[in-house]
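Bear in mind that the values here come from a model prediction, so they are computed numbers and not experimental data.
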Amino acid sequence: MKFQLVYSVFILFVLNFSCKTPMPELSSEAKLSKNKTISIRWTTTDPILAKVFPEVFPVPPAVLLEDQVNIADLSTVPMPPPDPNQSPKIPKQKPQNPNELPRWDRGFELTNIDNLTLVIRNESQRPFTSIGISLLALTMLYYGTMETEAELVWTSGETNLHRISFLRTKETIWAPMPFYIGTGSSIVAPILNSNRYPSHLQKYCIQEKPSKLRESTEQSYQKNCKEYETFLKRLLLQNYETIHLQLTEWEKRNQDWFQP
């Protein structure tokens, strides 16, 4: 009984001093832009994406495609790696006139975006980096991270395939620990957190429902969806400017389906 009490106090102490990457927030300009919704009809089979995307970008609610029998799975379409030379160059922030919003935030019309899909390309917990940082702290620090690279892919018309590349997100968490326990936790955590990969959360939230056995050994369906929603919101917010820049570039190059 005494041991359980000491252990509980220790856990509360560690959690109290743990630090996690904060969720980004929309800029004041982006918040103002939500008063001017883009005129567009967009569809998706992902109910979490349908919920989160309008919370971040000034778009109307999605048309959710619930019958997935005759819908192409864009995550399986072979695509060449994105060209790094085409990576958007985010300009340095400059003072913004409150009456001026970014070009696309003032509103323009797009043709249909069909079957908007988040495709996760790479993900890693960087175990060696985490262990190295813990060792630098004399084994008294637990350090964990999750890095993800993804793309937004959709179709326009019957054959046109479009994508927004170079979407990256990183989340870290650290907490002080006693000698050796910090490094030991950093070694074991990637194994214990294998079910926290975004692709795993996505699979067992929107693609298939986990079995009772999987829920008992990992986590519940509701927990998967909650963590997937948090990841998706973080991804969109951390890459707001990247998405904005790529859309405006396509607006210039594709006047046939981008109609200002």
Side-chain angles (χ1 to χ4, degrees), residues 38-83 86-88 104 110-124 146-171 195-210 221 224-251 253-254 257-258:
I38 294 174
S39 177
I40 184 177
R41 180 186 182 276
W42 66 289
T43 66
T44 182
T45 59
D46 186 337
I48 308 300
L49 182 61
K51 175 186 177 183
V52 174
F53 204 76
E55 293 178 356
V56 178
F57 297 101
V59 296
V63 177
L64 188 59
L65 304 175
E66 297 182 354
D67 182 9
Q68 304 184 27
V69 176
N70 298 318
I71 301 173
D73 183 2
L74 299 184
S75 64
T76 62
V77 176
M79 300 179 70
D83 185 358
Q86 296 182 1
S87 176
W104 82 302
L110 309 179
T111 59
N112 291 353
I113 286 182
D114 297 319
N115 194 13
L116 184 64
T117 303
L118 177 72
V119 181
I120 297 171
R121 298 299 186 190
N122 297 295
E123 51 192 351
S124 175
M146 180 71 75
E147 297 182 11
T148 310
E149 295 182 12
E151 292 182 319
L152 286 171
V153 182
W154 73 92
T155 60
S156 176
E158 295 183 358
T159 59
N160 296 327
L161 188 65
H162 305 278
R163 62 180 179 175
I164 296 178
S165 306
F166 312 106
L167 305 182
R168 300 179 178 92
T169 185
K170 179 178 180 180
E171 182 181 5
N195 63 310
R196 309 290 290 279
Y197 281 104
S199 61
H200 189 92
L201 299 174
Q202 184 186 52
K203 178 179 180 180
Y204 290 106
C205 175
I206 67 172
Q207 296 174 1
E208 61 180 272
K209 197 165 184 177
Y221 168 78
N224 284 331
C225 289
K226 184 177 180 180
E227 291 195 15
Y228 176 58
E229 179 180 342
T230 301
F231 157 74
L232 192 53
K233 190 170 185 178
R234 184 183 300 278
L235 180 76
L236 297 179
L237 286 171
Q238 287 187 344
N239 294 274
Y240 189 94
E241 288 297 329
T242 299
I243 296 173
H244 165 214
L245 286 173
Q246 292 191 63
L247 283 178
T248 50
E249 283 299 314
W250 284 336
E251 179 191 8
R253 296 197 304 264
N254 301 282
W257 68 288
F258 279 87

Which pair of non-hydrogen atoms, one from [X] and one from [Y], has the smallest distance, and what is that distance?
X      : Y      : result
Tyr204 : Pro210 : O-CD, 3.5 Å
Pro60  : Pro54  : O-CG, 4.1 Å
Pro47  : Ile206 : CD-CG2, 3.9 Å
Val56  : Tyr240 : O-CE1, 3.6 Å

In the structure I gave you, are the side-chain heavy atoms of [X] and [Y] within less than 4.5 Å of one another anywhere?
X      : Y      : result
Phe53  : Trp42  : yes
Leu118 : Leu152 : yes
Tyr197 : Gln202 : no
Pro81  : Arg121 : no
Leu167 : Ile243 : yes
Thr44  : Trp154 : no

So how far is it from [X] [atom1] to [Y] [atom2], rounded to the nearest 0.5 Å?
X      : Y      : atom1 : atom2 : result
Thr148 : Leu232 : OG1   : CG    : 11.0 Å
Lys209 : Asn224 : NZ    : CG    : 11.0 Å
Glu171 : Leu235 : CD    : CG    : 12.0 Å
His162 : Asp114 : NE2   : CG    : 9.5 Å
Leu236 : Thr169 : CG    : OG1   : 9.5 Å
Arg168 : Asn122 : CZ    : CG    : 9.5 Å

### Query
With Glu229, which of Leu201, Leu49, Val52 fulfils side chain to side chain contact (heavy atoms under 4.5 Å, CB included)?
Val52
### Query
Run the side chain to side chain contact (heavy atoms under 4.5 Å, CB included) check on Arg163 and Val119 step by step: do they pass?
CA-CA 10 Å; Arg163 62 180 179 175; Val119 181; over 6 Å; no
### Query
Given Asn115 and Thr45, is the side chain to side chain contact (heavy atoms under 4.5 Å, CB included) satisfied, shown in steps?
CA-CA 6 Å; Asn115 194 13; Thr45 59; 3.8 Å; yes
### Query
Any luck finding a side-chain donor-acceptor pair between Ser165 and Glu151 under 3.5 Å?
yes
### Query
Could you go step by step and tell me if Glu123 and His200 meet the side chain to side chain contact (heavy atoms under 4.5 Å, CB included) rule?
CA-CA 11 Å; Glu123 51 192 351; His200 189 92; over 6 Å; no
